[in-house]
Amino acid sequence: MATLWIGTNNKKKRAELERMLAPLGLELRTPDQLLVPFDPIEDQPDFAGNARVKACLLARLANGYALADDSGLCVDALHGRPGVLSARYGGPGLDDRGRLLRLLEELRPVPLGQRTAHFRCSLCVCAPDGRTLAAIEERCEGTLLTAPTGDGGFGYDPIFVPLEFAGDPAKTFAQLDAATKDRLSHRGKALRALAAALPRLVQDR
Ligand code: ITT
């Protein structure tokens, strides 16, 4: 069976990737199975660049095929911030909840009709020598609530309402079951776009 390494240290993101990749019949491995730390430097200006940094580093460390995801929330009223800095928004010391509350605070003056945003997900697949084999970027459009709602998902999910659930009552990603989030999400769209090609790209070694 061919092996694919998943280049993320975020356990909840990893769980989403693993459940969507499961039907492909690949053996999935994660950075904690390496003998060395997986500590990529995400210094690129865009999602695609950071996804490539992560996939390339893991492929080389593992001497195997690797897939990585770089993603984030782009808020229109903030000219696309926090964007590539979504995981670091508000500085070190904040957890997911702290970052989300900090974002709500910054958005307090923004009226409901102007709270549009999208999630973006860049995926990159690299070969054992670090060559890029495939890359894709997808997005999911929505709006942001004024208070967190729902316990599911991770990150900014409790304030993000995808367009498809904007009705009354609106539903955030954190209120949707996993299959529904996967169907609508930036990550789900990107993975589906890669899925058909993946088993061909990732060969037995
Ligand atoms: P890795 O780099 O190890 O993959 P990370 O969490 O730092 O983990 P990113 O640099 O790609 O990953 O930052 C993604 C951040 O964007 C993530 O921490 C969340 O805050 C946010 N995010 C991305 N996808 C999301 C989703 O589906 N739901 C909620 N928040 C999401």
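When a ligand or atom number is given, it counts from 1 through the structure's own listing order. Because the structure is a prediction, the values reported are computed rather than measured.
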Q.
With clusters defined by side-chain heavy atoms of hydrophobic residues (ILVMFWY) lying less than 4.5 Å apart, directly or transitively, does Val53 cluster with Phe38?
A.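 No, it is not one cluster - the side chains of Phe38 and Val53 are not joined through contacts under 4.5 Å.
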
Q) For ligand 1, which atoms sit closer than 4.0 Å to a heavy atom of Thr8? A)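 Answer, ordered by atom number: 1 (P), 3 (O), 4 (O), 8 (O).
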
Do the side-chain N and O atoms of [X] and [Y] include a donor-acceptor pair separated by under 3.5 angstrom?
| X | Y | result |
| --- | --- | --- |
| Ser71 | Arg187 | yes |
| Asp70 | Ser122 | no |
| His118 | Arg120 | yes |

Out of curiosity, is [X] lining ligand 1, as in a heavy atom under 4.0 Å away?
| X | answer |
| --- | --- |
| Arg14 | no |
| Gly72 | yes |
| Arg99 | no |
| Asp157 | yes |
| Tyr156 | yes |
| Arg88 | no |

Considering [options], which one's heavy-atom position lies nearest to [atom]?
| atom | options | value |
| --- | --- | --- |
| atom 22 (N) of ligand 1 | Phe38, Phe119, Phe173 | Phe119 |
| atom 25 (C) of ligand 1 | Tyr89, Phe154, Phe47 | Phe154 |
| atom 13 (O) of ligand 1 | Pro82, Ser71, Ser86 | Ser71 |
| atom 10 (O) of ligand 1 | Lys12, Arg187, Glu42 | Glu42 |

What protein heavy atom lies closest to [atom]? Include the residue and the distance to one decimal.
| atom | value |
| --- | --- |
| atom 3 (O) of ligand 1 | Asn9 N, 2.8 Å |
| atom 12 (O) of ligand 1 | Lys13 NZ, 3.0 Å |
| atom 6 (O) of ligand 1 | Asn10 ND2, 2.9 Å |

Q. Given Asn10 and Thr8, is the side-chain hydrogen bond (donor to acceptor under 3.5 Å, both in side chains) satisfied, shown in steps?
A. CA-CA 5 Å; Asn10 180 326; Thr8 178; 5.4 Å; no

Q) How are the rings of Phe173 and His186 set to each other: parallel, tilted or perpendicular (split at 30° and 60°)? A)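 Judged by the thresholds at 30° and 60°, the geometry between Phe173 and His186 is parallel.
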
Q | Phe119 six-ring face occupied by Arg139 cation (under 6.0 Å, within 45°) | A |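 So Arg139 doesn't make the cation-pi contact.
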
Q. Short question: side chain of Lys54, backbone of Asp69 - any donor-acceptor pair under 3.5 Å?
A. yes

Q: Report the residue from Leu104, Thr149, Leu101 that forms a side chain to side chain contact (heavy atoms under 4.5 Å, CB included) with Ile159.
A: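 Output: one option passes, namely Leu104.
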
